[in-house]
Peer 1: 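Quick one: the structure is below, questions incoming.
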Amino acid sequence: MPSSKEYLEFILEQLSDLEEITYRYMMGEYVIYYRKKVIGGIYDDRFLIKVTNASKNLLSDAKLELPYERGSKMILIDDPENKEQYRELFEKMYEELPAPKVKKKKAVKK
């Protein structure tokens, strides 16, 4: 079941205190970026974030769930209305996340 635009808008509102939150629609789901790094996503109307040392430490009781079949487990944010947790969590996670991949320009044939 694809995620709804309404749930995306709800999550974006919860993240509105953070700067540089963007998203990309991909195969019925939404990938969430923080300062150009993938922080998590919305899968089947569930807000899931990547597992990092910071996210494991700050959300030690959180459940791990698969975003999709054969995906890597991610942390379920089961209380998305707790806006206060996001700034500290995302700032600490940001340092641990890989840099965005630089896309190579395709050669143009003449």
Peer 1: Quick one: salt bridge (Lys or Arg N to Asp or Glu O under 4.0 Å) pairs with a partner in residues 2-16, sequence neighbours left out?
Peer 2: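 Of all non-adjacent pairs touching residues 2-16, those that pass salt bridge (Lys or Arg N to Asp or Glu O under 4.0 Å) are Glu13-Lys83.
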Peer 1: Can you measure from OH (Tyr25) to OG (Ser3) and round to the nearest 0.5 angstrom?
Peer 2: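 If I round to the nearest 0.5 Å, the distance is 8.5 Å.
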Peer 1: What are the two closest non-hydrogen atoms of Met93 and Lys50, and how far apart are they?
Peer 2: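 Result for this residue pair: CE-O, 3.4 Å.
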Peer 1: For Glu88, which residues count as a salt bridge (charged side-chain N to carboxylate O under 4.0 Å, His left out) partner, sequence neighbours excluded?
Peer 2: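 Glu88 satisfies salt bridge (charged side-chain N to carboxylate O under 4.0 Å, His left out) with Lys92 only.
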Peer 1: Could you list all the salt bridge (Lys or Arg N to Asp or Glu O under 4.0 Å) pairs where at least one residue sits in residues 63-76, not counting sequence neighbours?
Peer 2: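 Every pair satisfying salt bridge (Lys or Arg N to Asp or Glu O under 4.0 Å) with a residue in residues 63-76: Arg46-Glu65.
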Peer 1: Drop me the distance from Leu15's CG to Glu20's CD, to the nearest 0.5 angstrom.
Peer 2: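 The distance works out to 13.5 Å.
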Peer 1: If every non-hydrogen atom of Pro67 is compared with every non-hydrogen atom of Ser72, which pair is closest and at what distance?
Peer 2: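 Here Pro67 and Ser72 meet closest at CD-O, 3.0 Å.
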Peer 1: Looking at Phe10 and Pro80, what are the two nearest heavy atoms and their distance?
Peer 2: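 That would be CE2-CG, 3.7 Å.
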Peer 1: Can you sort out the partners of Phe90 under ring-ring contact (aromatic ring centres under 6.0 Å, His included), two or more places apart, ordered by chain and number?
Peer 2: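 By the ring-ring contact (aromatic ring centres under 6.0 Å, His included) rule, Phe90 matches Tyr34, Tyr86.
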Peer 1: Identify, with sequence neighbours excluded, every residue that meets side-chain hydrogen bond (donor to acceptor under 3.5 Å, both in side chains) alongside Arg35.
Peer 2: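 Arg35 satisfies side-chain hydrogen bond (donor to acceptor under 3.5 Å, both in side chains) with Glu91 once adjacent residues are dropped.
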Peer 1: For Met27, check side-chain contact (heavy atoms from CB on, under 4.5 Å) against everything at least two apart and list the hits.
Peer 2: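 Checked Met27 against side-chain contact (heavy atoms from CB on, under 4.5 Å); zero matches.
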Peer 1: My understanding is that only residues two or more places apart in sequence, or in another chain, count here; which of them pass side-chain hydrogen bond (donor to acceptor under 3.5 Å, both in side chains) with Tyr30?
Peer 2: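 In terms of side-chain hydrogen bond (donor to acceptor under 3.5 Å, both in side chains), with neighbours along the sequence ignored, Tyr30 is linked to no residue.
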Peer 1: Nearest 0.5 angstrom please: Leu89 CG to Arg87 CZ, how far?
Peer 2: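 Atom-to-atom, Leu89:CG and Arg87:CZ are 12.0 Å apart.
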Peer 1: Nearest 0.5 Å, please: how far is CG in Leu58 from CG in Asn53?
Peer 2: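 Rounded to the nearest 0.5 Å, the CG-CG separation comes to 10.5 Å.
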Peer 1: Hey, are the side chains of Gln14 and Phe47 touching, using non-hydrogen atoms and a 4.5 Å cut-off?
Peer 2: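 No. Closest side-chain heavy atoms not under 4.5 Å.
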Peer 1: For Ile32, run the side-chain contact (heavy atoms from CB on, under 4.5 Å) check against Ile21, Thr22, Leu48 and tell me which one passes.
Peer 2: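 One option only clears the test, and that one is Ile21.
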Peer 1: The criterion is side-chain contact (heavy atoms from CB on, under 4.5 Å); which residues satisfy it with Asp79, sequence neighbours excluded?
Peer 2: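 For Asp79 the side-chain contact (heavy atoms from CB on, under 4.5 Å) partners, ignoring immediate neighbours, are Glu81, Asn82.
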Peer 1: Using the rule that two of Ile, Leu, Val, Met, Phe, Trp, Tyr join whenever any of their side-chain heavy atoms come within less than 4.5 Å, decide whether Tyr33 and Ile42 are in one cluster.
Peer 2: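 No, no single cluster joins them.
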Peer 1: Quick one: list whatever passes side-chain hydrogen bond (donor to acceptor under 3.5 Å, both in side chains) with Ser4, sequence neighbours left out.
Peer 2: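 Only Asp45 meet the side-chain hydrogen bond (donor to acceptor under 3.5 Å, both in side chains) criterion with Ser4.
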Peer 1: Measuring from atom CD1 of Ile75 to atom CG of Leu59, what distance do you get when rounded to the nearest 0.5 angstrom?
Peer 2: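 So the CD1 of Ile75 and the CG of Leu59 are separated by 5.5 Å.
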Peer 1: By side-chain contact (heavy atoms from CB on, under 4.5 Å), which residues pair with Lys37, not counting sequence neighbours?
Peer 2: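 So Lys37 forms a side-chain contact (heavy atoms from CB on, under 4.5 Å) with Tyr94, Leu97, Pro100.
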Peer 1: Going from CG on Leu8 to CD on Glu29, what distance comes out if it is rounded to the nearest 0.5 angstrom?
Peer 2: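 These two atoms lie 11.0 Å from each other.
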Peer 1: I'd like to know if Ile39 and Leu64 are part of one continuous hydrophobic network [Ile/Leu/Val/Met/Phe/Trp/Tyr, side-chain heavy atoms within less than 4.5 Å].
Peer 2: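 Both belong to a single hydrophobic cluster.
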Peer 1: Using the rule that two of Ile, Leu, Val, Met, Phe, Trp, Tyr join whenever any of their side-chain heavy atoms come within less than 4.5 Å, decide whether Ile11 and Tyr23 are in one cluster.
Peer 2: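 Linked within one cluster.
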Peer 1: According to a 4.5 Å side-chain heavy-atom criterion applied to Ile, Leu, Val, Met, Phe, Trp and Tyr, with indirect links allowed, do Leu76 and Leu66 form part of one hydrophobic cluster?
Peer 2: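 No, because Leu76 and Leu66 fall into different hydrophobic clusters, even though each may have its own neighbours under 4.5 Å.
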Peer 1: Do Val38 and Leu18 land in one hydrophobic cluster if side-chain heavy atoms of ILVMFWY residues count as linked below 4.5 Å?
Peer 2: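 Result: no, two separate clusters.
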Peer 1: Taking only residues two or more places apart in sequence or in another chain, which ones pass side-chain hydrogen bond (donor to acceptor under 3.5 Å, both in side chains) with Ser55?
Peer 2: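 Here the qualifying residues are Thr52.
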